[in-house]
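Each remark here refers to the structure printed beneath this line.
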There are 2 protein chains.
Amino acid sequence: MRASDRAYARLRDDILHWHTPPGTVFAEVEQAERLKVSRTPIREAFSRLAAEGLLVPLAGRGLVVSELSRETIIELFELRIVLETEAARLVAARRNVDLFIGLKEEFEHAAELIDRGDDLASYYELVARLDAAMDESVGSRFLLGAIRQLRPHLARVRGLARDNRKRLSDAAAEHLTIVEAIIDRDSELAADATSVHLKKSLRNILESVDALEGAAGGRELTETKQGKQ
Amino acid sequence: MRASDRAYARLRDDILHWHTPPGTVFAEVEQAERLKVSRTPIREAFSRLAAEGLLVPLAGRGLVVSELSRETIIELFELRIVLETEAARLVAARRNVDLFIGLKEEFEHAAELIDRGDDLASYYELVARLDAAMDESVGSRFLLGAIRQLRPHLARVRGLARDNRKRLSDAAAEHLTIVEAIIDRDSELAADATSVHLKKSLRNILESVDALEGAAGGRELTETKQGKQ
DNA sequence: AGAACCAAAGTTGTATACATTCGAGGTCGT
DNA sequence: ACGACCTCGAATGTATACAACTTTGGTTCT
């Protein structure tokens, strides 16, 4: 594995897991020393993270972890809804739905899996596999690319939302509806069910965000470290 | 201006203007010598072009200019339609439509401008200003980013389509409808008019492509230089 | 003759020294 | 005291030498 890949993965994880919150400033030499590599692979990693929008260049002072405000989250979901409803439409219209047969069964059992509660990670993993199946079936490289562009930002949002069991159980039911629509080749239902799911997800996330902001005990959305811009 | 910016702009232009057709292989040292800079800024330029999808890495052999097949063009427009109809919807729903008042008048006179025919470039420039106004008014950074991601590919497609005056005159009328809908704050009309415009554009482009392919006298869509992958 | 292996050439990947640019803080002038 | 300017420092930008890897073509063994 290339040093630039490791540097990229490491920095990306730090950002996605909120170890380096918005406003944190990175400089090349500093990170090169921390990760024990030269500046070259660090530059490579920085440029990838900047292209994804996780880092924003600060003229003459390094790169700063991009902010993630309430407004940003809303904009993120606005685009996500447009893209993923379209993806669901396309996937449902596809010939081959075999990939989703197995997933349907799993989502049917997901409710109890969540109620047992001992293994929420396996539910997240199931959702990840649904995403992968959608990716594989969507067909359009450009649509897929646009969706992938949003993923890191969504991962960062996830670190903000609190997981209440009720919401997860609802989400499981929503996912099941989507998968069933795809298997039935019902494009419009697949699209609408996706829209429903994402809008409910967004509402839940915004509630978490507002609660955090109100309490001010949680993690800040807007950091004060940020020098300017 | 940085050397990497110049290298990027130069290579990008070469690709967009079909000086280096799909299948052309680039290597760092080769381009470094040609553009009289070291490998470092070339690497930077390559990585940007690869992120945009104009170049595709070829393990051990350089980077190849990505293909642009009929199917790719269709996928490109499928996403473009989704994104730009949404953009039109958002812009029309906005408070401030001042930006578009002037554009409306210009599009009203565009027909004769095209018929005069002596200055088609100024019509393209007008369309570019409409795009810029949309960009400025769309509000969502993510939607804007997704649209921008498509632009270089669309520019490349443009080099394939032949400009017949009839199509341009129709396009001017379609643009006018879009602008009027925005000024009237009619979101759904703006969205639908955008959809109409883009679908007609796509049809015109595909006709050009098919004509080129049939005649085989024009520029090839799929190059044979490409080693593998 | 065919396939596996090996060697050589060319490629990208990395480290590092040097150049350049930008910002912050101090100083000088008003 | 306030503002403009200047200097210094730290950051990125660039060039280049060297390392590691991949492909390709030849060679050798079966």
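Proteins get letters first, then strands, A, B, ... in listed order; numbering begins at 1 in each.
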Interface with DNA chain D, restricted to residues 44-53 of chain B and to heavy atoms under 4.0 Å: none

Nucleotides 16-22 of chain C: which of its N/O atoms have a protein N/O under 3.5 Å away?
none

[atom1] of [X] versus [atom2] of [N]: gap in Å, rounded?
X: L63(B); N: dT12(C); atom1: CG; atom2: C1'; result: 9 Å
X: R2(A); N: dA19(D); atom1: CZ; atom2: P; result: 20 Å
X: E28(B); N: dG13(C); atom1: CD; atom2: C1'; result: 9 Å
X: I42(A); N: dA15(C); atom1: CD1; atom2: P; result: 9 Å
X: E33(A); N: dA10(D); atom1: CD; atom2: P; result: 13 Å
X: R6(A); N: dA15(C); atom1: CZ; atom2: P; result: 9 Å
X: F26(B); N: dT11(C); atom1: CZ; atom2: P; result: 14 Å

Identified side-chain hydrogen bond (donor to acceptor under 3.5 Å, both in side chains) partner of T72(B) from the options R156(B), E67(B), H153(B):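 Output: one option passes, namely E67(B).
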
Tell me which nucleotide among [options] gets nearest to the side chain of [X].
X: P41(B); options: dT14(D), dG13(D), dT12(C); answer: dT14(D)
X: R61(B); options: dT23(D), dT12(C), dT14(D); answer: dT23(D)
X: R43(A); options: dT11(C), dT14(C), dT12(D); answer: dT12(D)

Single hit among L154(A), V157(A), L202(A) for side chain to side chain contact (heavy atoms under 4.5 Å, CB included) with R80(A): L154(A)

Can we say [X] and [Y] salt-bridge, meaning some charged N sits less than 4.0 Å from an Asp/Glu carboxylate O?
X: R203(A); Y: E207(A); result: no
X: D5(A); Y: R48(A); result: yes
X: E28(A); Y: R61(A); result: no

Rounded distance [0.5 Å steps], CG in L79(B) versus CG in L150(B):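 Nearest 0.5 Å value for the CG-CG distance: 5.0 Å.
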
Spatial distance of atom CD1 (I147(B)) from atom CD (E86(B)) [nearest 0.5 Å]: 9.0 Å

Pair S4(B)-R43(B), side-chain donor/acceptor within less than 3.5 Å: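 No, because no side-chain N or O of S4(B) sits under 3.5 Å from a partner of the opposite role on R43(B).
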
Least distance between heavy atoms, I81(A) atom then K199(A) atom: CD1-CG, 3.8 Å

side-chain N/O S4(B) vs dG13(D) OP1/OP2, d < 4.0 Å: no

Nearest-nucleotide comparison on DNA chain C, the residue closer to the 5′ end among V29(B) and K36(A):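 Residue closer to the 5' terminus by nearest nucleotide: V29(B).
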
